[in-house]
Amino acid sequence: MRVKQEEVVVGYESEEGREMEMEMELESSSSSGSSGELGFHDNLMKVIVVGYALTSKKIKSFLQPKLEGLARNKGIFFVAIDQTRPLSDQGPFDIVLHKLCGKEWRQILEDYRLTHPEVTVLDPPDAIQHVYNRQSMLQDVADLDLSDSYGTVGVPKQLVIEKDPSSIPDAIKKAGLSLPLVAKPLFAKSHELSLAYDEYSLQKLEPPLVLQEFVNHGGVLFKVYIVGDAIKVVRRFSLPDVSKRELSRSSGVFRFPRVSSASQSADDADLDPCIAELPPRALLERLAKELRCRLGLHLFNLDMIREHGSRNRFYVIDINYFPGYGKMPEYEHIFTDFLLNLVQSKFKNTATLC
């Protein structure tokens, strides 16, 4: 089901005009702390400054005019971080929002977190690094072994191949994996995957990679977006089921550049209710709460599937940090509310300590 979004008018004529207006407003705000006070519609509102360090692709998809306009109405300003200058010389920031790679950047952020504990960094670099590895990202789900009256959540049986592709057939037999297998790069910088009908064809792929047992799931994947405590689920078309007959007659490896793209939304498709039914809300809330704690992340999404023929057996097959929230219905409202709650919560905790 598609959600009709409310239109927000942004009153900026140019990028330069927007930055100039913001600077004038920030200069007129209170100088005590990183959050000042700013008048909006005759009401006093705390100014929240979010410094962002994002790729150009992420800026284009995430910092859309509607988000920035809504954020500004709530007293939130997004300010680009200049990577050519020391981070401590910029700001002051209430929040640092980032998605950049590299050891140097991670070290800069870690140093900044130590010297500026009053600033919330979304999210800690070490926690992000943990979910860039497809072996470690799913281990927390496996360790959780979630099972309650609403269903069970696990991970497909998987195997990591780090170097020698010729070792794959023997490794598969030793691990007891069943065909077909999904092959993914070990590091989640690439979303390309392959479906292998026989283990010998996998020798054509280049390690390091992860091999996962393919679970028939009706060709529908659930993208579970998590923004702090908020959860939003959308359906995406996925790889079709593989029958035993098809498996016995097929061989080779088939590559798929990206399965769950925005153009493959299944929310409006006429699907079998047993396949299209969303995972139980209570199950998702418990799973999200546990993983936020275990992963140490506020911003991520889960790719989940329901085993075909089962109503309540689910698998998490991937975790993505700071995913494409621009594809999530109502993301502007959800994200700005999250930022406000984050700052308010930190302010309350600080006041309690004082």
Side-chain angles (χ1 to χ4, degrees), residues 26 29-36 46-56 58-59 62-63 67 71 74-133 136-137 139-140 187-189 225-230 288-301 319-323 325 334-354:
L26 289 177
S29 65
S30 171
S31 60
S32 59
S34 57
S35 291
K46 285 287 184 182
V47 174
I48 298 173
V49 182
V50 180
Y52 66 88
L54 307 171
T55 63
S56 56
K58 179 62 71 174
I59 291 172
F62 175 72
L63 285 179
L67 172 66
K74 294 182 178 183
I76 303 170
F77 288 93
F78 291 98
V79 180
I81 290 173
D82 186 347
Q83 295 177 55
T84 65
R85 295 171 52 206
L87 188 53
S88 294
D89 293 348
Q90 302 179 60
F93 302 120
D94 295 284
I95 296 170
V96 169
L97 184 66
H98 69 100
K99 191 177 183 181
L100 294 176
C101 300
K103 292 182 179 179
E104 185 178 352
W105 172 249
R106 292 204 305 271
Q107 190 59 54
I108 289 172
L109 275 184
E110 289 292 358
D111 293 343
Y112 184 79
R113 290 178 69 215
L114 291 174
T115 55
H116 294 77
E118 77 282 1
V119 180
T120 300
V121 175
L122 292 174
D123 273 306
D126 288 345
I128 297 171
Q129 199 64 21
H130 181 72
V131 296
Y132 278 161
N133 183 305
S136 60
M137 75 161 63
Q139 191 59 49
D140 290 289
F187 300 104
K189 295 176 183 178
Y225 291 98
I226 296 166
V227 183
D229 295 331
K289 182 178 179 180
E290 290 282 356
L291 288 181
R292 279 197 307 269
C293 181
R294 288 170 179 258
L295 298 173
L297 298 174
H298 292 83
L299 307 174
F300 61 100
N301 86 326
I319 300 176
N320 303 290
Y321 174 66
F322 201 157
Y325 286 119
I334 292 172
F335 210 93
T336 50
D337 286 345
F338 161 69
L339 295 176
L340 286 173
N341 292 333
L342 197 65
V343 172
Q344 290 169 1
S345 176
K346 191 152 192 172
F347 177 79
K348 288 178 182 177
N349 291 337
T350 303
T352 302
L353 291 174
C354 295

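Please read all numbers here as calculations on a predicted model, not as lab measurements.
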Exercise for the section: Begin from the C-alpha positions of Arg106 and Asp126 and carry the test salt bridge (Lys or Arg N to Asp or Glu O under 4.0 Å) through to its verdict. Expected result: CA-CA 8 Å; Arg106 292 204 305 271; Asp126 288 345; 5.2 Å; no
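Listed by chain and number, the residues in a side-chain hydrogen bond (donor to acceptor under 3.5 Å, both in side chains) with Asn341 amount to none (sequence neighbours excluded).
Looking at Leu100 and Thr55, their side chains come closer than 4.5 Å, going by heavy atoms from C-beta outward. Ile226 has its side chain out of reach of Asn301: every pair of non-hydrogen atoms, C-beta onward, lies at least 4.5 Å apart. Phe338 places a side-chain heavy atom less than 4.5 Å from the side chain of Leu299.
Rounding to the nearest 0.5 Å gives a distance of 12.0 Å between CG of Asp337 and CG of Leu342. Distance CZ/Arg292 to CG/Asp229: 4.5 Å, rounded to 0.5 Å. From Glu110, atom CD reaches atom OG1 of Thr115 across 11.0 Å, with rounding to the nearest 0.5 Å. Atom NE2 of residue His98 and atom CD1 of residue Ile128 lie 3.5 Å apart, to the nearest 0.5 angstrom. Atom CD in Gln139 sits 10.5 Å away from atom CG in Asn133 (nearest 0.5 Å). Taking CD1 of Ile48 as the start and CD1 of Ile76 as the end, the distance is 5.0 Å to the nearest 0.5 Å.
Ring centroid separation for the pair Phe62 and Tyr52 does not come in under the 6.0 Å cut-off.
When Tyr225, Phe78, Tyr325 are each tested for a ring-ring contact (aromatic ring centres under 6.0 Å, His included) with Phe335, only one passes: Tyr325.
The backbone N or O of Ala71 lies less than 3.5 Å from no partner atom in the side chain of Thr336, so there is not a single donor-acceptor pair. The backbone N or O of Arg85 lies less than 3.5 Å from a partner atom in the side chain of Gln90, making a donor-acceptor pair. Remark: the backbone N or O of Leu339 is not paired with any side-chain donor or acceptor of Lys74 at under 3.5 angstrom. Of the possible donor and acceptor atoms, none in the side chain of Asp140 sits under 3.5 Å from a partner among the backbone N and O of Leu295.
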